[in-house]
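Read the structure below first, then the notes.
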Number of protein chains: 2
Amino acid sequence: MAATKDPRPCSIADALAVVGEKYSLLVLREVCLGNSRFDQLVRNIGAPRDVLATRLRRLVDAGLLTKRAYQDRPQRFEYRATQAGLDLEPVLMSLMAWGDRHLRGDDDRPMVIEHSCGNELLPVVTCAACGAEVRHEDLTAHPQAPGWTVKGPTAA
Amino acid sequence: MAATKDPRPCSIADALAVVGEKYSLLVLREVCLGNSRFDQLVRNIGAPRDVLATRLRRLVDAGLLTKRAYQDRPQRFEYRATQAGLDLEPVLMSLMAWGDRHLRGDDDRPMVIEHSCGNELLPVVTCAACGAEVRHEDLTAHPQAPGWTVKGPTAA
DNA sequence: TCGCGTGGGTTGGAAAAACAAACCCTCGCC
DNA sequence: GGCGAGGGTTTGTTTTTCCAACCCACGCGA
């Protein structure tokens, strides 16, 4: 996924250049769940083996995963998330919450996450400064680079 | 991007089936910023026009965008986010924050977002129940459907 | 010792997507 | 009457994806 052409310098585009290819985020999901082996990933994600191999190389190169042998003779490898990879988990959680809300009946959630506070996790993106939930209407963009257009009201 | 084969019922996969194709999230970014016209999108995203046209159709069909004429004679259209689309913006913001942190020197952020509280937005994913920041080590997955493997420690 | 199964991939060829450039149509304006 | 903007579609080429088959090292059981 080329960042090479995005005319807008943007960390969203940069992030997608790393994790935006098909299956990459599902790999992260699996690894965060603790499934670290090639076959488990193939089975749980449903990706073709060659594509998965490509994605894994990419994610390792990008520093989101590590590959290490969990046995020699025969050599077998496992993939684990680095801190950068783990830091994506909250993003995945909020994406999951969006999917639960907008793509499902909300009562057939295929996975419930428990938070250490004892409650079911309902992820909310908040502003670190004031603690309020982040909503579109409270945001104002300030591009730091030229070549941008930012405009008025954006809702339908 | 097929959800058709993902063997795991999962809202992350479902969400990616809708917005996981190349450029889709960048379209959302632009629309949330207020850039609603085909050309602006082409220029700001850097996508081929035909691909963009395909993405826009998909996003409209999925209910994340609306297409409506902003003038007749000649007919011209604009794309705006629905509530479902706007609800993805916090996810984009946390993805952007991840990119800022892990992909950049953190001091050359290409865009700063201002929150209505007056501070610069630093998005944090929190647990709605307890208000704490969501971290990997505080989460436990509870699959609601069969065919899952979930395992022990997941960090590198 | 022979064959079988498992884990972790690689290879080859066909099908689907992305890409770039050119094209089209409707109009407003000079 | 020609030019340019806006919003796409068409055409042909280049990449990716996909699938199935294959490979290799080993452990095991008969």
Side-chain angles (χ1 to χ4, degrees), chain A residues 1-8 13 16-27 30-31 34-62 65-80 149 151-152, chain B residues 1-7 13 16-27 30-31 34-62 65-80 149 151:
Chain A
M1 202 160 206
T4 52
K5 269 208 22 185
D6 187 58
R8 224 200 246 288
L16 289 173
V18 175
V19 296
E21 290 168 302
K22 200 170 176 179
Y23 305 120
S24 293
L25 286 176
L26 297 183
V27 170
E30 287 302 315
V31 171
N35 295 110
S36 52
R37 286 116 85 176
F38 193 82
D39 287 32
Q40 294 177 325
L41 299 175
V42 166
R43 275 193 299 276
N44 292 340
I45 295 171
R49 305 172 73 83
D50 55 342
V51 176
L52 182 61
T54 305
R55 293 297 174 271
L56 287 169
R57 266 190 294 271
R58 174 103 180 89
L59 291 172
V60 168
D61 289 353
L65 297 183
T66 56
K67 175 183 190 172
R68 69 154 168 247
Y70 65 88
Q71 68 173 36
D72 305 326
R73 353 204 21 122
Q75 276 219 312
R76 293 286 178 272
F77 301 98
E78 64 181 2
Y79 297 89
R80 292 190 172 277
T149 339
K151 292 221 174 150
Chain B
M1 201 162 210
T4 51
K5 270 206 21 184
D6 188 57
L16 290 173
V18 174
V19 296
E21 290 169 302
K22 201 170 175 178
Y23 305 120
S24 293
L25 286 176
L26 297 182
V27 170
E30 287 303 314
V31 171
N35 295 112
S36 52
R37 279 106 104 165
F38 193 83
D39 288 31
Q40 293 176 324
L41 298 176
V42 167
R43 276 193 298 275
N44 292 340
I45 295 171
R49 306 172 73 85
D50 57 342
V51 176
L52 182 62
T54 304
R55 293 296 174 273
L56 287 169
R57 264 190 295 271
R58 174 105 180 88
L59 291 172
V60 169
D61 288 353
L65 298 183
T66 56
K67 175 181 189 172
R68 70 152 168 248
Y70 66 87
Q71 69 173 37
D72 305 325
R73 354 208 52 228
Q75 276 220 310
R76 293 285 178 274
F77 301 98
E78 64 182 0
Y79 296 89
R80 292 190 172 277
T149 340
K151 293 223 175 149

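Chain identifiers are assigned alphabetically (A, B, ...) following the order of the sequence lines, protein sequences preceding nucleic acid strands; residue numbering begins at 1 within each chain. Only a predicted model underlies this, so the values are computations on that prediction, with no experimental measurement involved.
Both A:Val51 and A:Arg73 lie close to DNA chain D; mapped to their nearest nucleotides by heavy-atom distance, the more 5′-ward contact belongs to A:Val51.
Under the salt bridge (Lys or Arg N to Asp or Glu O under 4.0 Å) criterion, B:Arg57 pairs with no residue, sequence neighbours left out. In terms of the salt bridge (Lys or Arg N to Asp or Glu O under 4.0 Å) criterion, A:Arg76 has no residue partners (sequence neighbours excluded). Residues satisfying the side-chain contact (heavy atoms from CB on, under 4.5 Å) criterion with A:Asp50, sequence neighbours excluded, are A:Pro48. Qualifying side-chain contact (heavy atoms from CB on, under 4.5 Å) partners for B:Asp72, counting only residues two or more places apart in sequence or in other chains: B:Ala69, B:Gln75.
Close to D:dC18, at under 4.0 Å from its OP1 or OP2, lies a side-chain N or O of A:Lys22.
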Just do the side-chain contact (heavy atoms from CB on, under 4.5 Å) check on A:Leu41 and A:Tyr23 with the steps written out, would you? CA-CA 10 Å; A:Leu41 299 175; A:Tyr23 305 120; over 6 Å; no
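The shortest non-hydrogen separation linking A:Leu59 to A:Ser24 is CD1-O, 4.0 Å.
At whole-Å resolution of the value, CD in A:Gln71 and C1' in C:dG8 are 11 Å apart. Here the P atom of nucleotide D:dT16 and the OH atom of B:Tyr23 are 11 Å apart, to the nearest Å. Between the CD atom of B:Glu21 and the P atom of C:dA16 there is a distance of 15 Å, given to the nearest Å. We find that CG of A:Leu52 is positioned 10 Å from C1' of C:dG8, with the value rounded to whole Å.
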Readout for nucleotides 5-12 of chain D: B = base within 4.0 Å of protein heavy atom, S = sugar-phosphate only, - = neither; 5' to 3' it is BBBBBB--
